Structures are given as structure tokens and as C-alpha cells.
*Asks:* 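Structure provided below as C-alpha cells; questions to follow.
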Amino acid sequence: MADRTSQGGDGDGIRTFPFPVELSEGGVGMQVGPMGPHRTWHADAPLHRVHRIDFHVVMLFDKGPVRHMIDFAEYEAYAGDVLWIRPGQVHRFSKFSGYRGTVLTMQPGFLPRATVEATGLYRYDLPPLLHPDAAQLAGLGASLAQLRREYKDTATLPLSLHTAVLRHSLTAFLLRLAHLAASSQEAALAQSDTTFTLFRDAVEKDFATNHSVSAYADALGYSRRTLVRAVRAATGETPKGFIDKRVVLEAKRLLAHTDLPIGRVGAAVGFADAANFSKFFQLHAGQTPVGFRAELR
């Protein structure tokens with residue numbers, strides 16, 4: 001693929017680089033070819049710097065691992081994986097990874113609106129890193145290889161027909177990719193549901209003695225990051241917030257329905273020190289344990 005020597009700008013200081021139409025075969029709104037070293041969108045924007053592009057990039061890897069940052073999240077891709085970066089997303093290539101495989105770039109507006117909607121080109125909620133199985137990878141690879149052949153064949157057809165064929169071939173590839181992205185999201189949500197369910201059950205069992213997110217993650221065999229994502233997807237809050245909410249609920253129940261001293265209530269929900277419990281309760285309930293109990297009686 002080719003370098004780009006013009007640039008755009010953004011108020012956040014991250015430079016945006018446009019699609020290099022004049023460097024594509026026949027000046028069409030897409031490019032497809034091999035990935036290799038020393039490739040950049042712009043002479044002043046080495047790949048390892050944070051930058052933004054105003055076009056789609058799809059990378060199908062032949063080798064790995066490759067580390068790549070998209071919207072400030074790090075992704076690690078292996079052979080057979082796909083990275084899909086959409087217009088406006090901030091990203092950065094790794095200095096230390098060898099990018100090998102095929103890269104497709106596409107200018108917004110190259111495909112008609114109906115195709116854009118059918119292929120979910122602007123579904124920013126879909127995961128950028130995709131892991132096709134053997135059958136999906138074979139389909140994607142064959143479709144991409146056909147697209148590469150059509151892209152390079154600029155002599156067989158007039159430009160208008162060549163462009164039309166490219167659009168059809170590109171649509172076929174993107175429909176496969178969109179299906180993979182949607183099914184990957186469904187699988188991720190199912191995993192999140194399972195992870196959250198296990199976490200919720202563990203909290204219900206141990207909240208009176210365990211307030212540590214890391215301890216729950218370790219016990220369940222998840223990374224802290226995985227647990228955060230799953231709980232946030234299910235509840236909109238952090239694991240720590242979920243634990244604290246359960247602790248406060250139990251404390252309120254004990255304050256409302258028993259005559260236990262404040263210190264004993266605190267001990268029952270995991271606080272050895274009554275003063276620490278009172279501070280915790282006031283922070284989360286907006287009033288002291290004594291005030292909360294008095295209000296109910």
C-alpha cells in the first residue's frame with residue numbers, strides 16, 4: 001500500500017489522515033494488498049504514533065502476535081485474526097510487532113447506503129478484534145483473494161464496470177465480516193452474562209467477609225479487566241460498586257429489622273471497626289447508621 005502526504009486536524013490534537021484516493025488503482029475508493037514493514041499513512045505520522053483516519057481499515061493477519069491500540073484499548077491479534085478499524089477511531093501500530101497479512105482500506109461513500117446499513121460499517125459497538133473459526137476464515141480469505149484479483153485487474157473492464165465489480169466483491173467480503181462481527185458480539189455478551197452470573201452468586205455468598213474485586217476475580221479464574229467488562233455490561237456499574245451496594249443493602253436490613261448495636265451490624269457485613277463501617281455507610285447511604293435506624297422507628 002502507499003504513503004499519504006496530506007493531513008487533516010482535530011481539536012483534540014490527534015491528527016486525522018484522509019483516504020489516499022489518488023494512490024489507489026484507477027483512483028477508486030478502496031485499496032487492498034499485503035501488509036509489510038515501514039508502512040505509514042503519512043510521512044510525519046509513523047505507525048507507532050497515535051493518530052486517526054477517516055476511512056475503514058480491515059487487517060487479516062497471517063502471523064502473530066501483533067499488538068495494536070484502538071481507542072486506547074490494547075488488542076493482541078494472532079494468525080487468522082481480523083482487526084477492523086472504523087473511521088474516526090484513534091489507533092496506533094506497535095513498534096515491535098511484524099504486521100503480516102492482507103490489509104483492506106475503504107473510503108466512506110464508496111459503497112451505497114443500503115450496503116453500508118446491511119454490512120454495519122458504522123457499528124462502533126461491535127468488537128474490533130475478531131477470531132474467525134476455520135470455516136469463517138476460509139470464506140473470508142477466499143472472498144478477500146477475489147477482491148484483490150479484481151482490484152489489480154484494471155485492464156479487462158472499463159473503469160465504470162471495474163468499479164461496479166469492485167463494489168460487488170467488496171460487499172460480499174463485508175457481509176461475511178459483518179456476520180462474524182455480530183456473532184462475535186453475541187458470544188461476548190453470552191460470556192459476559194455467564195461471568196456476571198458467577199460473580200453475582202459469589203458476592204451473594206461471600207459479601208459479608210469479602211469486599212475485594214481482585215479476590216473475586218482470582219477465585220472465579222477471571223482477570224480483573226474481564227470482570228469489570230462483564231459487570232459493567234450487565235449492570236452499568238463497576239464490580240466494586242456492585243459489592244458495596246450489596247453490603248449497604250444488608251446493613252440496612254439489619255439496621256431496620258434488628259436491635260443489634262451499630263458495631264455488631266458493621267461486623268456482620270465485614271467491618272471490624274465500627275467507625276469505618278459508619279463512614280462507609282454514610283458515604284453510600286447518605287446518612288449515618290444511627291440516623292437511618294432512627295428514621296425508620
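What you see is a predicted model; the values in this text were computed from it and never measured.
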*Asks:* Quick one: pull up CD1 in Ile53 and OG1 in Thr16 and give me the separation to the nearest 0.5 Å.
*Replies:*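 Those atoms lie 9.5 Å apart.
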*Asks:* Under the side-chain contact (heavy atoms from CB on, under 4.5 Å) rule, what do Leu255 and Ile262 come out as? Steps first, then yes or no, please.
*Replies:* CA-CA 8 Å; Leu255 289 168; Ile262 300 303; 3.6 Å; yes
*Asks:* Hey, what's the ring geometry for Phe199 with Phe242, parallel, tilted or perpendicular (30° and 60° as the breaks)?
*Replies:*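 Rings of Phe199 and Phe242: tilted, as their planes differ by 30° to 60°.
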*Asks:* If you measure from CG on Leu254 to CG on Leu260, what distance do you get to the nearest 0.5 Å?
*Replies:*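 With rounding to 0.5 Å, CG (Leu254) is 6.5 Å from CG (Leu260).
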*Asks:* Is a donor from one side chain sitting under 3.5 angstrom from an acceptor on the other, for Ser223 and Thr226?
*Replies:*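 There is such a pair between these side chains.
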*Asks:* Is Val228 linked to Tyr216 within one hydrophobic cluster, defined over Ile, Leu, Val, Met, Phe, Trp and Tyr using a side-chain heavy-atom separation of less than 4.5 Å?
*Replies:*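 As far as the 4.5 Å side-chain criterion goes, Tyr216 and Val228 are not connected within one cluster.
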*Asks:* So which atom in Ala208 and which in Ala268 form the shortest heavy-atom distance, rounded to 0.1 Å?
*Replies:*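 Nearest heavy atoms, Ala208 then Ala268: CB-O, 3.3 Å.
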*Asks:* Write down the atom of Arg52, the atom of Gly88, and the distance for their closest heavy-atom approach.
*Replies:*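 Heavy-atom minimum between the residues: NE-O, 3.0 Å.
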*Asks:* On a heavy-atom basis, which atom in Ala172 and which in Ser143 lie closest, and how many Å separate them?
*Replies:*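 Answer, listing the atom of Ala172 first, then Ser143: C-OG, 3.8 Å.
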*Asks:* Can you tell if the side chain of Met69 reaches within under 4.5 Å of the side chain of Val50, non-hydrogen atoms only?
*Replies:*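 Side-chain contact under 4.5 Å: yes.
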*Asks:* Find out if a path of hydrophobic residues (ILVMFWY) with successive side-chain heavy-atom gaps under 4.5 Å connects Leu198 to Phe196.
*Replies:*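 In one cluster with Leu198: Phe196, yes.
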*Asks:* Can you confirm whether or not the ring centre of Phe280 sits under 6.0 Å from the ring centre of Phe271?
*Replies:*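 Yes: the rings meet the under 6.0 Å criterion.
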*Asks:* Does either side chain, that of Gln89 or that of Arg86, offer a donor lying less than 3.5 Å from an acceptor on the other one?
*Replies:*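 No pair is found: no donor N or O on one side chain lies under 3.5 Å from an acceptor on the other.
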*Asks:* When you check the side-chain N and O atoms of Thr156 and Asp153, is any donor under 3.5 Å from an acceptor?
*Replies:*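 Yes, because at least one side-chain N or O of Thr156 sits under 3.5 Å from a partner of the opposite role on Asp153.
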*Asks:* Leu170, Leu175: one ILVMFWY side-chain cluster at the under-4.5 Å cut-off?
*Replies:*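 Unlinked, Leu170 and Leu175 end up in two clusters.
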*Asks:* Do Val28 and Leu159 come close enough that some side-chain heavy atom pair is under 4.5 Å?
*Replies:*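 The answer is yes; the side chains approach within 4.5 Å.
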*Asks:* Please examine the side chains of Asp81 and Met59, heavy atoms only from C-beta on, and report whether any two atoms are closer than 4.5 Å.
*Replies:*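 They are not in side-chain contact.
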*Asks:* Which is it for Leu121 and Leu174 under the side-chain contact (heavy atoms from CB on, under 4.5 Å) test, yes or no, and what are the steps along the way?
*Replies:* CA-CA 8 Å; Leu121 286 185; Leu174 290 174; 3.9 Å; yes
*Asks:* Give the minimum heavy-atom separation between Val21 and Gly27, together with the two atoms involved.
*Replies:*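 Residues Val21 and Gly27, closest heavy atoms: CG1-O, 3.2 Å.
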*Asks:* Out of curiosity, Asp62 CG to Leu60 CG, how far, rounded to the nearest 0.5 Å?
*Replies:*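 One finds 6.5 Å between CG of Asp62 and CG of Leu60.
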*Asks:* Establish whether Leu137 and Val82 are linked, either directly or via other cluster members, by ILVMFWY side-chain heavy-atom contacts under 4.5 Å.
*Replies:*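 Yes, one cluster joins them.
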*Asks:* For the side chain of His211 and the backbone of Val247, is there at least one donor-acceptor N/O pair under 3.5 Å apart?
*Replies:*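 No, His211 side chain to Val247 backbone: no donor-acceptor pair under 3.5 Å.
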*Asks:* Does any non-hydrogen side-chain atom of Leu83 lie less than 4.5 Å from one of Val58?
*Replies:*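 Result no, sub-4.5 Å side-chain heavy-atom pair not found.
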*Asks:* Quick test of your reading of the model: are Asp244 and Lys240 salt-bridged, counting only N-O distances below 4.0 Å?
*Replies:*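 Yes, this pair counts.
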*Asks:* For Ser214 and Arg224, test the side chains for any donor-to-acceptor distance below 3.5 angstrom and give the result as yes or no.
*Replies:*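 Looking only at side-chain atoms, Arg224 and Ser214 do form a donor-acceptor pair, the distance falling under 3.5 Å.
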*Asks:* Pick from Lys245, Arg246, Arg232: which one makes a salt bridge (charged side-chain N to carboxylate O under 4.0 Å, His left out) with Glu237?
*Replies:*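 Considering Lys245, Arg246, Arg232, a salt bridge (charged side-chain N to carboxylate O under 4.0 Å, His left out) with Glu237 is found only for Lys245.
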*Asks:* Indicate the atoms forming the closest heavy-atom contact of Ala251 with Val265, along with that distance.
*Replies:*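 Heavy-atom minimum between the residues: O-CG1, 4.0 Å.
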*Asks:* With side chains defined as the heavy atoms from C-beta onward, is the minimum distance between Tyr124 and Pro87 less than 4.5 Å?
*Replies:*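 A side-chain contact exists here, since the closest heavy-atom pair is under 4.5 Å.
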*Asks:* Are Tyr122 and Pro108 close enough that some pair of their side-chain heavy atoms sits under 4.5 Å apart?
*Replies:*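 Yes; the side chains approach each other to less than 4.5 Å.
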*Asks:* Ignoring hydrogens, what is the shortest heavy-atom contact between Thr119 and Thr171? Give both atom names and the distance.
*Replies:*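 Smallest interatomic distance, heavy atoms only, reads CG2-O, 4.4 Å.
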*Asks:* Test ring pair (Phe, Tyr, Trp, His ring centres under 6.0 Å) on Phe17 and Phe55; report intermediate values, then the result.
*Replies:* CA-CA 9 Å; Phe17 299 94; Phe55 50 94; 9.3 Å; no
*Asks:* Testing the 3.5 Å rule here: is there a donor-acceptor pair between the side chains of Tyr78 and His131?
*Replies:*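 Looking only at side-chain atoms, His131 and Tyr78 do not form any donor-acceptor pair under 3.5 Å.
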*Asks:* Under a 4.5 Å cut-off applied to non-hydrogen side-chain atoms, are Val103 and Val57 in contact?
*Replies:*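 With C-beta onward as the side chain, the pair touches.
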*Asks:* Once the angle between the rings of His51 and His91 is folded into 0 to 90°, is it parallel (under 30°), tilted (30 to 60°) or perpendicular (over 60°)?
*Replies:*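 Answer is tilted, since the angle falls between 30° and 60°.
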*Asks:* Looking at Tyr75, I'd like to know if the NZ or CZ of Arg67 sits under 6.0 Å from its six-membered ring centre while staying within 45 degrees of the ring's axis.
*Replies:*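 Arg67 over Tyr75 ring: no.
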*Asks:* Is it true that His56 and Phe110 have ring centroids separated by less than 6.0 Å?
*Replies:*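 Not close enough - the centres of the two rings lie 6.0 Å or further apart.
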*Asks:* Atom OG1 of Thr115 and atom NE2 of His168: how far apart are they, to the nearest 0.5 Å?
*Replies:*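 So the gap between those two atoms works out to 8.5 Å.
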*Asks:* For the CZ atom of Phe61 and the CE atom of Met35, what is their distance to the nearest 0.5 Å?
*Replies:*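 The distance works out to 4.5 Å.
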*Asks:* Tell me, do Thr102 and Val32 make a side-chain contact under 4.5 Å, heavy atoms counted?
*Replies:*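 Yes. Closest side-chain heavy atoms under 4.5 Å.
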*Asks:* Starting from the C-alpha separation in whole Å, work towards a yes-or-no answer on side-chain contact (heavy atoms from CB on, under 4.5 Å) for Arg167 and Met30.
*Replies:* CA-CA 9 Å; Arg167 288 192 174 115; Met30 59 156 287; over 6 Å; no
*Asks:* For the pair Arg92 and Glu74, find out whether any cationic side-chain nitrogen is under 4.0 Å from an anionic carboxylate oxygen.
*Replies:*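 The answer is yes: the pair qualifies as a salt bridge.
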*Asks:* Step by step, work out the side-chain contact (heavy atoms from CB on, under 4.5 Å) result for Gln136 and Arg176.
*Replies:* CA-CA 8 Å; Gln136 291 168 329; Arg176 289 182 178 276; over 6 Å; no
*Asks:* Please determine whether residues Val116 and Trp84 belong to a single hydrophobic cluster, defined as Ile, Leu, Val, Met, Phe, Trp and Tyr linked transitively by side-chain heavy-atom distances below 4.5 Å.
*Replies:*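 Yes; Trp84 is reachable from Val116 via cluster members.
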*Asks:* Working to the nearest 0.5 Å, report the span between CZ of Arg148 and OG of Ser169.
*Replies:*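 OG of Ser169 is found 14.0 Å from CZ of Arg148.
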